[in-house]
Amino acid sequence: MARRARPATNPDSFSRIWSVVARIPRGKVATYGQVARMAGLGRGARTAGWALHALPDGLRIDGRAVPWHRVINASGRISPRGGDGEGPAETRQRLRLRREGIRVTGKGQIDLHRYAWSGECALSARRQGRSSAR
DNA sequence: CGTATGACGAGCC
DNA sequence: AGGCTCGCCATAC
């Protein structure tokens with residue numbers, strides 16, 4: 001097939017996002033901003049959301065499905081997809097989170113203080129270099 | 001190459 | 001507390 005002059009989706013940045021998301025452990029959640037930063041996109045929180053939007057169904061990284069449902073916004077809520085109403089995606093996300101033992105309130109509020117993935121620290125968790133993490 | 005969009009985030013009112 | 005606006009990054013057209 002006519003090789004696409006330019007890939008419809010740039011696997012370069014997106015795959016980074018996906019890789020980071022793939023590292024979120026079960027029962028934990030991460031924010032778009034956190035994922036973006038860990039993927040080296042700086043403040044590309046929106047880009048992270050975009051990457052998940054473009055996440056190929058059934059994609060596996062390291063032989064494992066990408067837990068896209070573990071990514072929520074900084075407000076600790078499931079981000080609305082922007083439809084007129086709540087779509088199946090949000091509902092599915094909530095169910096999957098609850099299925100992992102994450103408590104989601106009726107309003108879709110999640111306790112970040114409790115379920116936030118400390119992946120950033122995990123990278124260098126061996127030693128707490130920073131005395132005061134800001 | 002410039003404009004518009006998007007599963008965001010932080011700040012301000 | 002809740003809602004609105006502006007700023008950021010990458011992709012699409």
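In what follows, every chain begins at residue 1, and chains take the letters A, B, ... in the order their sequences are listed.
A donor-acceptor pair under 3.5 Å is absent between the side-chain atoms of A:Asp62 and the main chain of A:Arg64, judged by distance alone. Side chain of A:Trp18 to backbone of A:Ala51: a donor-acceptor contact under 3.5 angstrom is found. Distance alone, capped at 3.5 Å, places no donor-acceptor pair between the A:Asp12 side chain and the A:Ser15 backbone. Side-chain atoms of A:Glu100 never come within 3.5 Å of backbone atoms of A:Leu97 as a donor-acceptor pair (strictly under, hydrogens ignored). Remark: the backbone N or O of A:Ile24 is paired with a side-chain donor or acceptor of A:Arg70 at under 3.5 angstrom.
In this structure, the CZ atom of A:Arg37 is 14 Å from the P atom of C:dC9, given to the nearest Å.
A continuous path of ILVMFWY side-chain contacts below 4.5 Å connects A:Ile72 to A:Tyr115, so both sit in one hydrophobic cluster. Residue A:Ile61 is not grouped with residue A:Val29 when hydrophobic side chains (ILVMFWY) are merged at heavy-atom distances under 4.5 angstrom, including chains of intermediate members.
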Treating primed atoms plus P, OP1 and OP2 as sugar-phosphate and everything else as base, which nucleotides of nucleotides 7-13 of chain B get B, S or - for protein heavy atoms under 4.0 Å?
BBSS---
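Within residues 98-111 of chain A, no residue is approached by DNA chain B to less than 4.0 Å at the level of any non-hydrogen atom.
One side chain, A:Arg81 or A:Gln93, offers a donor N or O that lies under 3.5 Å from an acceptor on the other.
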